[in-house]
There are 2 protein chains.
Amino acid sequence: MTTRSKHSSGEDRKLAKTLKESKAPAISRAAAVLRLLGKSETPLGLQAIVRELGLVPSTCLYVLRALVAEEFVAFDPDTKRYSLEAGVLTLARHWLRRNQFTDLVQPELDRLSQAFDVTMLGVNIVGLDHMIVVAVSQSGNNFQLSAQIGSRFPALISATGRCLAAFGGYSEDELEERFNALRWDDPPTLEDWKGQVEQTRAQGFGVDKGNYISGVTVVAAPVWKTRGHPGHPGHAVVATGIGSAMKRNGLPQLQKALLSTARTLTQQLGGESL
Amino acid sequence: MTTRSKHSSGEDRKLAKTLKESKAPAISRAAAVLRLLGKSETPLGLQAIVRELGLVPSTCLYVLRALVAEEFVAFDPDTKRYSLEAGVLTLARHWLRRNQFTDLVQPELDRLSQAFDVTMLGVNIVGLDHMIVVAVSQSGNNFQLSAQIGSRFPALISATGRCLAAFGGYSEDELEERFNALRWDDPPTLEDWKGQVEQTRAQGFGVDKGNYISGVTVVAAPVWKTRGHPGHPGHAVVATGIGSAMKRNGLPQLQKALLSTARTLTQQLGGESL
DNA sequence: ACACCTTATTCAATATATAGAATACTATTC
DNA sequence: GAATAGTATTCTATATATTGAATAAGGTGT
């Protein structure tokens, strides 16, 4: 690469790094294109994609053609614009069919969101990178806290992040590096955060009081997929709501209920796999 | 490729062809792997994937590692098995957000499934290859006809296929070749089918009386996304139900309602894009 | 505990996917 | 309507992704 891109958008920095390491760079490019098309409000032309991701036009064109052939991307020959195609639904359907966690959490989320008037989430923890919301239940009374199935968050953020830091078995250094990359509404200091992680380890669940989103309290409890709890927790059950309202409705009770639900789920998942 | 695979499963034939043509074969491989993992009831090891798809182990390993890095595939280090990861949900969510057809059809599907006691589908027609179910409404009274969001079908099958054949503007030869590859419960002859396609063109909707699935009648009407109807229809509204029951409940009325709904949707979609 | 078989992973040679320039096409401005 | 600017696409040399063999790791049965 001779000429440095004008505005290396952070995203394309990460992409560039992945490309060098990988033995299948076309796949990283394809993933980047798919995510970009997902984010975009409108269909995009080749040039727009190239600019945003810092790719070579010809290469990008081949990637797009392959994705069109695989029915993951739709191409409008008139406007020469690309967008996501319905093919991505097929993969999601298959994932949902095979996933026992979603089936098991859903009724629990419904129960808890009703009982405590909060928004409940079930999330998959993919690794140190991201967690993904896989199930949602809204209480209906409170106004809609925007969190949809499929949403991705940085793994160490908010209450769930404290759980992962506490139980993931990662090194201090690694956690610190990742912590520094996080974006919060009201960031805790590293010291504060480490204390909260320690507390999470002690009490078995994590709490975020307005750090991630001002005024919003988040409580999360980890769920493992194997009985002996090796490695990091694979899932979490999460409750979110307006801080003041949650205090009124009994935060301690909610925390207890959440913890008990998470433990039950861990048992159910673990039993399945033995 | 020196040694011919023992059981070239038809799927891997198609894959092999795509690989030769494409300038980004890694993407075709990745797509094949994702679809295989989707179909599979259990997580798969490298060897199993290699065998099924006719790939080279080392290459396949690199593909899998890239897909794991992109969070589309989950890897269990203990069992060394691969499965779909929740990341695929994220793409599906984005597709659903941006898609106006799904939003527009859903209430119509609900209305019609109630009124006629049938299972209603909204489908995307990707091209001559596949159509994909993107919205469903069950009447609840009849037993569940299995059709889920994300399901893929060959584009020319059943009633929707007759619509595509009638209005897609494809050549006789191309249609005939594709027709011969279709699998029906009770296949029509090519002559019969051509007649039915002709009729579909005349009346504006297609009907399948037990050809695709014995005893099940399917009615489909095409929906275009542009006002002037160039190219092939992008979507269809589909009604399915037990043949005898549909006759009892008034097939002509259903056909009329379906056609009118499809026309309204075409107008709404067309108006949007002008 | 050993040998055997299966499966995963690394490694080095080469076929080829990729980058960059050249070309064709489309839209816009004067 | 010609000229211009922007975009998509083709073309070709070369860096590298892919291959097939070699190695390592894991599991199974005796």
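In what follows, chains are A, B, ... by sequence order, proteins preceding strands, each numbered from 1. Source: prediction; values computed, not measured.
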Should I125(B) and H232(B) count as side-chain neighbours, where that means a heavy-atom distance under 4.5 Å?
yes

Tell me the interatomic distance from L15(B), atom CG, to dT18(D), atom P, rounded to whole angstroms.
13 Å

Of all the nucleotides listed (dT9(D), dA17(D), dG20(D)), which has the minimum atom distance to the side chain of L61(A)?
dT9(D)

Nucleotide nearest F75(A) (side chain, heavy atoms from C-beta), chosen from dT9(D), dT9(C), dT18(D)
dT9(D)

Upstream residue (5' side of DNA chain C) when C60(A) and P57(B) are each assigned their closest nucleotide:
P57(B)

Heavy atoms under 4.0 Å, any strand shown: does S22(A) hit a base, just sugar-phosphate, or nothing?
sugar-phosphate

OP1 or OP2 of dT10(D) versus the side-chain N and O atoms of R65(A): is any pair under 4.0 Å?
yes

Heavy atoms under 4.0 Å, any strand shown: does R81(A) hit a base, just sugar-phosphate, or nothing?
nothing

Euclidean distance, atom CG of residue L46(B) to atom C1' of dT7(C) [Å, nearest integer]:
8 Å

Could you check which of dT18(C), dG20(D), dT18(D) has an atom nearest any side-chain atom of V56(B)?
dG20(D)

Round to the nearest Å and state the distance from L64(A) atom CG to dT18(C) atom P.
12 Å

Answer yes or no: does a side-chain N or O of R51(B) lie under 4.0 Å from OP1 or OP2 of dT7(C)?
yes

Could you check whether any side-chain N or O of R97(B) sits under 3.5 Å from a backbone N or O of K39(A), counting only pairs where one atom can act as donor and the other as acceptor?
no

Got F75(B) and K80(B) here, is their nearest side-chain heavy-atom distance under 4.5 Å?
yes

Over how many whole Å does the gap from D78(A) atom CG to dT7(D) atom P extend?
18 Å

Any sub-3.5 Å donor-acceptor pair from D76(B)'s side-chain atoms to D78(B)'s backbone N or O?
yes

Considering just the side-chain nitrogens and oxygens of Q47(B), establish if one lies under 4.0 Å of OP1 or OP2 belonging to dA8(C).
yes

Would you mind telling me which of dA17(C), dT10(D), dC11(C) lies closest to the side-chain atoms of S58(B)?
dC11(C)

Rounded to whole Å, please give me the gap between OH in Y62(A) and P in dA17(C).
10 Å

With no hydrogens and no angle check, is any side-chain donor or acceptor of S40(A) less than 3.5 Å from a backbone partner on L36(A)?
no

Between R29(B) and L44(A), which is nearer to the 5' end of DNA chain D once each is assigned its nearest nucleotide?
L44(A)

Spacing of L55(B) atom CG relative to dT19(D) atom P, expressed in whole Å:
8 Å

Under 4.0 Å: is that the gap between some side-chain N or O of K23(B) and OP1 or OP2 of dT10(D)?
no

Closer than 4.0 Å, any side-chain N/O of K80(B) to the OP1 or OP2 of dT9(C)?
yes

